[in-house]
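Everything below concerns the one structure shown next.
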Amino acid sequence: MSFEFLAPDAAATGPNGSRPLAHSQIEWAHLDAGANMREHHGWNVVADYGDPAREADACRSAVGVADASFLGKIELESDRDAVARIVAELAGGAVLELGRAVRHEETWWCPITVERVLAVTQPDRTASVREALEEAASPGFASVTELTAAHGSNLVAGPLARECFARATALDMRPKAFPESGFAPVSVARTPGMILRSEGDRFLHLFGAGYAQYNWTVFVDSAEHLRGRAVGIDAIAASHGDASGVAAGA
Amino acid sequence: MSERLPPNPAERINRGKTVEFSFDGKTVEAYEGDTIGSALHASGRKVLSRSFKYHRPRGLMCCAGQCPNCLVEVDGWPGVRACTEPVRPGMTVKHMNAKPSLGFDAMRATDIFGTRFTPPGFYYKTFIRPRRLWPLYEKVLRGAAGLGVLPRKQADREWRTEYRRRHADVLVIGGGVAGLSAALRAAEMGADVVLVDDGPELGGTQLAGGGADEAAQLGARVRAAGVEVIAPGAALGFFDGIVPVWQGDTLHQVRADRHIAATGSIEQPLVFEGNDLPGVMLCSGAERLATLYGVRPGRRAVVAITADRGLESALALHAAGIEVAAVADTRTEGADEEICSQLEYEGVELIRGATVASAFGRKQVRGAVIAALDAHGRPDPESERGIDCDLLAVSGGTIPATSLLLQAGAGARWDESQSAFVPEAPPEGIFTAGAVAGHEDASLAEASGLLAGADAALSLGLGADADREQAEAARAELAKAPSSPQVVPAPTPGGAPKKGKCFACLCEDVTTKDLSYSVAEGYDSIELSKRYTTVTMGPCQGRMCQLPSIRQVAADTGTSIADVGITTARPPWSTVPMGALAGRPFEPAKRSAIHGRHRELGGNVMWAGDWRRAYDYGDPEAETMAVHEAAGLIDVSTLGKLMVRGPDAGEFLNRLYPNRFDNLKPGRIRYGVLGDDAGRITDDGTLCRLDDDSFYVTTTSSGADAVESWFGWWLAEWDMDVHLTDVSQGLSAFNLAGPKAREILSGLTDLDCSNEGFAYLDGKRAHVAGVPTLMLRIGFVGELGYELHCPGSLAQELWDALMAAGEPHGITPFGLEPQRVLRLQKLHILVGQDTDAESNAFEAAMPWIVKLDKEEDFIGRWALENVQARGDENKLVGFTMDNGAVPQEGAVVVEDGRAAGLVTSSRFSPLLQRTIGMAWVPIDKAEDDTPITISDEGRKMGAKVHLAPFYDPDQERLRG
């Protein structure tokens, strides 16, 4: 890849003999809150905040907010026809329409505009999705940009997830207005953001990484007022029966 | 509890449970379900507050939260309506607006002696001269103004509030029978419905009318149908489809596709001399007090009315055990004779064609003067007779509560028979139901609500043909329903009672005479009179006083009420604390990926645009020197960073910048200054060509968004094969600078970092400490330096590795403040500080940036050609101070006593041991060693122009 300086997964073994781990931009805030960290596909992630059972329960009964910045995000930009062709090729023939994302093999294809698509995937698939995009995009004029570090992301899950979002955004998130796979670029907490409804009461909120601490504060504050809380990725997985044990926005 | 009535089936209090609270330090016993007002009235306390301007005693009047008469302070919160606030154990309730006590208020002197000094607009008349006394007047007036006092301590004023957005298919405003029926019908037809009601219980007027059980059952059905009920909650206004509803600590922003206004009607007071005395109540208020709370509003009542509803109230008061001495009905015909007969049978004297002319008493009503209406509809003094009473229950009829509808865009039409402005032509998607639509009777209100609910649902495509047919049938029936006319006494032109005061506006203490004065002074429209007298501007927002003020202005101008019209309806319709509108106090702020490290290092973090940045780490002077003597490391992640890619990328940048980029070789960097159409500098940064079709562009921290917009706008205009991607927040960037920088870097990368292998203005990609990095060898701080750009997720690893590798070499983190000193030594500009909206590259001492010999056009070319042709008029230069003082940034360069330029930057340089700076000066001063004079807050100081960089002018250290 020619622009490795954009990609966290392009880390290599350093002079000290070890490969640097990738970190959430607000790892310091998680540590302040008592987070227990663990490695997850080259990332240092929050496993829990010291009470995994309560965190899982919060996700089942109220709302849990988890930092999912480790999710891979790659943007494809090209003309409308090229974008449609590439997405169809890589997403099992999927046809994207604005307002709806498509999931294919653990990757969400999220249409920002008809000429701009954001692929959101698991951290162990980021490099392969990026390479597949670069290959599919050439020849022709298309840009594939690694944006994993550019977008922070929070998973917000639970029966009160919509109420949590209602404190921060005017997007109509009622099930009939925002069905499963719904995707919307929208203002959240007065900053530019994107919301993906992956399933049921599980949502992924994407935002500029510089706003990570601000968005985290806003959402955890709302969640706590609704008797929810910040949770580690293990709680999301436990509450939603994710067999792999990995919380995924996907 | 001496004023309690025997229990009645409609009461809302639980006599088996007492609640104690304090009022002005004295314990008051109440029942669970009482309001503060009902409990105080039951205990014999009839005076609850003092009026705004004249400090006249006031007591319960509406018992529905609509008038201003019962505002009290509860647990430190001012402005609480006692008539609707439920009692809680241990509440501390205090009066407002009276000193030293509610019983004796010294400011009552303004009423007794000061009326002539406080006419409408008195602050423009009375307390103007002598002007030197204004500070004293201001202090006195500020002390006298206002109704409540906030707690002094910040902690006592804080409370947690938040916004909640709620989308819905249908929003129903009003939880009386009409609103409940509408909500139920719409929900049953499949709509997602939200219902809002500001009362303590759903049911509206049905609660006092014996329909509480039916209202409760209807409410239960509504909830069971899935309607979200926000109650008690006050709908504050209508903002282009958003209706904010205040409920406790939450401001619900409700966005609905359809709105149903079931806001009911508002009983109107009558206007007569002494109409504000405690004991003068609205008929509905007296009825509520008696029925809902089992409190005797008075022992002997006179009732003055204009419509049948008032007759029903008189009957209800009599049934509750209150002696009704007389009922004065303005109508001579048209009254419900069945009720009239019943009243007369009960021994109540019915006086037709008459009204109340005045009320008398000192702190309490002692009697009413009743008079027949003359041919003009006014009380005839010849026919006056006094009747002893301690309760004067009045009703000037009802008016529809139209404010929210009018805010939504509905019109208002004067209906003479109703003596009210009624809504008309609501915009599409807005429906009315119940009393606001003219259907006040309970059964009509229900039918009206069912119809409105059906109409709303049908308009959303819900429901079936049968629903449509049913709705049409209901509409036809409602159209046949008769209406009950009202006759309201006419006001007296000039507004003059014989003596005493006749209030049009109880909130603002505006009398009818005040309104007449305003008209006489030329404020002869209702809008002007309102602004001049402040009528309708108080807590009731015109509920009690809008119509009386319109009537008075009509009488004084000889205009019809229809022609006078109404004032513009504006939010908030109900009072709301500022805290509820503020929401959560979180301010969007961007933070670097290593913000935590800055904290650990003791960084003084401050705002820099919309970023939080470390200004220094405790010793900016030492940090500055470390860069010169060893190595410094600064987090410059806030820089804007754009990927500009495509076959036309070079040409695109050529058109945007005054210098060239299509001839920049891959792996090389060039400084760019961005300008607008007028040739003025808007931003600067570096551009690194990554490959034939790709550029990496940096911008100033605060200019990133604007530059991206600018680029995007022109890209859309020119339709070139270019893609633009903002990676500002995805990449962290650190500047490693100082004589040891190369040595530190070399230990962390396999890249050849020699001067030959990595020359000045080279851009290289390599791993540093295992982190994939774009390295730009550029210099902003005047020493050998490398700007390292890496994924934000790996920034912490890179920073830690650089600090660890640099420790033996004396590496020091440095912040914005030392950076400012360092760049000033090199005369590097800060766009927006050293430049303004008038600055161009020529006069900013960067003529080399402008390539007018470029073949293609570029933004600002024409303007820059003109600047070059006319020659520089001003110049941005460096300067040194003669006396070592540091002038403020913004100090003026003066010449012959006049402003001739401006200091843009100034600092003391610890390396150079002198004060240096940058300033704009006239062109004839822009020569080395030219003396200039700087005026800083009146102090004049000498300085000398210095054109070359103060440090390393030949850039040997930078390029070595």
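We name chains A, B, ... by the order of the sequence lines, and we start the count at 1 in each one. The figures that follow rest on heavy atoms only: side chains count, while hydrogens, waters and symmetry mates do not. Because the structure is a prediction, the values reported are computed rather than measured.
In this structure, Pro185(A) and Pro192(A) have side chains that are not in contact, with every pair of non-hydrogen atoms separated by 4.5 Å or more.
Looking at Asp32(A), the atoms closer than 4.5 Å to chain B (heavy atoms on both sides) all sit in the side chain, from C-beta outward. Heavy atoms of Arg162(A) lying under 4.5 Å from chain B are absent altogether. Within the 4.5 angstrom heavy-atom criterion, no atom of Ile26(A) approaches chain B. The contact between Glu587(B) and chain A is made entirely by backbone atoms, counting heavy-atom distances below 4.5 Å. Using a 4.5 Å cut-off between heavy atoms, Ser18(A) does not touch chain B at all. Only the backbone of Ala189(A) comes within contact range of chain B, with heavy atoms under 4.5 Å apart. Heavy atoms of Ala212(A) lying under 4.5 Å from chain B are absent altogether. For a residue to count as touching a neighbouring chain, one of its non-hydrogen atoms must lie under 4.5 Å from one of that chain's; by this rule Thr638(B) does not touch chain A. Within the 4.5 angstrom heavy-atom criterion, no atom of Glu115(A) approaches chain B. Contacts of Leu731(B) with chain A are made by side-chain atoms alone, with heavy-atom separations under 4.5 Å and no backbone atom involved. Residue contact with chain A, scored on non-hydrogen atoms closer than 4.5 Å, is absent for Arg612(B). Heavy atoms of Asp249(B) lying under 4.5 Å from chain A belong exclusively to its side chain. For Leu724(B), the part lying under 4.5 angstrom from a heavy atom of chain A is the backbone only. Using a 4.5 Å cut-off between heavy atoms, Arg19(A) does not touch chain B at all. Heavy atoms of His723(B) lying under 4.5 Å from chain A belong to its backbone as well as its side chain. Both the backbone and the side chain of Thr725(B) come within contact range of chain A, each with at least one heavy atom under 4.5 Å from a heavy atom of that chain. For a residue to count as touching a neighbouring chain, one of its non-hydrogen atoms must lie under 4.5 Å from one of that chain's; by this rule Asp172(A) touches chain B with backbone and side chain alike.
Distance CD1/Ile744(B) to CD/Glu807(B): 11.0 Å, rounded to 0.5 Å.
Under the 4.0 Å criterion applied to side-chain N and carboxylate O atoms, Glu162(B) and Arg160(B) are assigned as salt-bridge partners. Salt bridge Asp800(B)/Arg597(B): present, at least one basic N to carboxylate O contact under 4.0 Å. One finds a salt bridge joining Arg166(B) and Asp192(B) here, because a Lys/Arg side-chain nitrogen approaches an Asp/Glu carboxylate oxygen to under 4.0 Å. Salt-bridge formation is detected for the pair Arg130(A)/Glu146(A): a Lys NZ or Arg NE/NH1/NH2 atom is positioned less than 4.0 Å from an Asp or Glu carboxylate oxygen. Under the 4.0 Å criterion applied to side-chain N and carboxylate O atoms, Lys590(B) and Asp610(B) are assigned as salt-bridge partners.
Counting only N and O atoms by type, the side chains of Gln25(A) and His595(B) include no donor and acceptor under 3.5 Å apart.
Across Ala170(A), Gly208(A), Ala209(A), the residue that shares the most heavy-atom pairs under 4.5 angstrom with chain B is Ala170(A). Ranked by heavy-atom pairs under 4.5 Å with chain B, the first of Glu163(A), Arg116(A), His225(A), Arg190(A) is His225(A). With chain B as the partner, the residue from Phe165(A), Phe141(A), Tyr211(A) showing the most heavy-atom pairs under 4.5 Å is Phe141(A). Heavy-atom pairs under 4.5 Å with chain B were tallied for Ala177(A), Ala22(A), Ser78(A); the largest tally goes to Ala22(A). Interface remark: of the candidates Leu798(B), Leu774(B), Thr773(B), Leu774(B) forms the most heavy-atom pairs closer than 4.5 Å to chain A. Ranked by heavy-atom pairs under 4.5 Å with chain B, the first of Thr13(A), Leu171(A), Asp79(A), Leu147(A) is Leu171(A). Note: Gly210(A) leads Pro15(A), Gly152(A), Gly210(A) in heavy-atom pairs under 4.5 Å with chain B.
Across Cys753(B) and Tyr786(B), no two heavy atoms sit closer than the pair O-OH, 3.7 Å. Here the shortest heavy-atom pairing between Thr217(A) and Gln213(A) reads OG1-O, 2.8 Å. Of all the heavy atoms in Ala191(B) and Val170(B), the pair that sits closest is CB-CG2, 4.0 Å.
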Evaluate Asp691(B) against Arg765(B) for salt bridge (charged side-chain N to carboxylate O under 4.0 Å, His left out), listing each step before the verdict. CA-CA 12 Å; Asp691(B) 56 42; Arg765(B) 283 168 273 175; 5.4 Å; no

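At distances below 3.5 Å, at least one donor-acceptor pair connects side-chain atoms of Arg645(B) with backbone N or O atoms of Val144(A). At distances below 3.5 Å, not a single donor-acceptor pair connects side-chain atoms of Arg164(B) with backbone N or O atoms of Thr250(B).
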